[in-house]
Amino acid sequence: MNYKGLDSLSNVAIVSDFDGTITDIDTNDLIYFTFGGQPSYEIEELIAQGKLGVKEGALQHFKRIHLTEQEFLSFIFQNARLDEGFKDFCKLLSEKGIPLIVVSGGYVNTISSFFEKEGIDSTNIKIYANRLKFNGRHIEAVFFDESDECESGLGPCGNCKLRRLRELKAQYQTIIFIGDGTTDRCAAREADIVFAKGRLRDYCAAQGVPYVPFDSFHDIIHFLQYFLTICK
């Protein structure tokens, strides 16, 4: 594992996925499967097989899902939970002056609202995500990236995590990446240190990508404290 750069905290940034990483469940899947019915399962299966891009899948989902923004957020708040260690994690980063950047294939509506509901000060948390526009019960997905270029073979996802990681690597010496899912694979290959769970952990293990397994952000706190100790 590469610890280079951790002795200079101003040159370290932590990049985290949101759905299934900061939360206990993928809020997008929660909405898709609850309100989209069987077609949503079929869309996600096509994405998993590489036969449909993530971006196109989202567009198809929202053609059939009709919710107001309040209904949308209320349902997520009722069913999704914040990782038990995330608040302590944010406190540690604030104390150490380490920037946190959330890069998500989901939606800034959900992320910002979730942080506000949980009392997390997101003033200094940079969020890169897609956005949902609500017009009554009509939902339109607006994507962060205009370009549909994709190097992963997964198809465009609207907010390319690989592209964001490369942009951040131009600003920071060391990038720590935290993720759990399929769309995190691209970023994991180029990050300096990777914390992985779920499908991302399976992928890293199978592909020989160095990673640190975690179950909650408390695990990451312990590792960071260790890194900071040995890199003094």
Side-chain angles (χ1 to χ4, degrees), residues 15-37 39-41 43-44 47-48 52-83 86 90 100-123 125-148 150 152 154-165 167 177-184 186-187 198-200:
V15 180
S16 179
D17 171 53
F18 180 75
D19 285 290
T21 300
I22 292 174
T23 58
D24 66 342
I25 190 172
D26 188 310
T27 63
N28 305 311
D29 287 349
L30 180 65
I31 292 292
Y32 298 156
F33 297 152
T34 303
F35 299 99
S40 283
Y41 286 94
I43 289 170
E44 291 301 305
I47 292 172
L52 184 69
V54 175
K55 179 177 178 179
E56 179 58 33
L59 291 171
Q60 290 192 25
H61 282 305
F62 287 116
K63 286 179 180 179
R64 295 175 298 96
I65 296 173
H66 303 286
L67 296 167
T68 66
E69 186 166 17
Q70 185 57 50
E71 290 170 341
F72 181 95
L73 292 174
S74 293
F75 186 79
I76 289 174
F77 293 161
Q78 290 168 12
N79 292 279
R81 300 289 178 268
L82 194 69
D83 181 277
F86 186 70
C90 289
L100 173 62
I101 300 104
V102 175
V103 180
S104 172
Y107 308 100
V108 68
N109 315 58
T110 302
I111 300 168
S112 297
S113 298
F114 210 99
F115 285 168
E116 182 178 359
K117 171 184 175 291
E118 294 293 337
I120 294 172
D121 183 2
S122 61
T123 305
I125 301 176
K126 181 69 175 178
I127 301 172
Y128 294 96
N130 302 313
R131 179 179 295 276
L132 295 177
K133 290 176 63 176
F134 290 83
N135 182 8
R137 296 172 67 84
H138 174 75
I139 306 172
E140 177 187 357
V142 180
F143 299 99
F144 189 92
D145 287 321
E146 294 183 3
S147 170
D148 281 346
C150 177
S152 70
L154 292 172
C157 60
N159 180 28
C160 178
K161 294 181 181 181
L162 178 59
R163 199 173 302 163
R164 301 293 84 77
L165 194 81
E167 292 166 355
F177 183 78
I178 307 168
D180 80 303
T182 301
T183 59
D184 298 322
C186 308
R199 291 191 300 274
L200 181 62

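The chain is numbered in sequence order, starting from 1. The model shown is predicted, which means the values in this text are computed figures rather than measured ones.
Residue Ile120 holds its CD1 atom at 8.5 Å from CZ of Phe114, rounded to the nearest 0.5 Å. The CZ atom of Phe18 sits 5.5 Å away from atom OG1 of Thr27, with the distance rounded to the nearest 0.5 Å.
Closest approach of Phe143 and Asn130 over heavy atoms only: CA-OD1, 3.4 Å. Taking both residues in full, the closest heavy atoms of Ser104 and Ile111 are given as CB-CD1, 3.7 Å, listed atom of the first, atom of the second, then distance. Between Asp19 and Thr23 the shortest heavy-atom distance is CA-OG1, 3.5 Å.
Applying the ring-ring contact (aromatic ring centres under 6.0 Å, His included) test to Phe62 and every residue at least two apart in sequence or in another chain returns Tyr32, Tyr107. With sequence neighbours left out, the side chain to side chain contact (heavy atoms under 4.5 Å, CB included) criterion links Ile25 to Leu30, Ala80.
Taking 4.5 Å as the limit, every side-chain heavy atom of Asn135 sits out of range of all side-chain heavy atoms of Glu140. Annotation: side chain of Leu52 is in contact with side chain of Ile47 (closest heavy-atom distance under 4.5 Å).
Heavy atoms of other residues, nucleotides or ligands lying less than 6.0 angstrom from NZ of Lys133 number 12 at most.
Under the 30°/60° scheme for interplanar angles, the aromatic rings of Tyr128 and Phe144 are found to stand perpendicular.
Of the residues listed (Asp26, Asp180, Asp184), the one engaging Thr21 in a side-chain hydrogen bond (donor to acceptor under 3.5 Å, both in side chains) is Asp180, and it is the only one.
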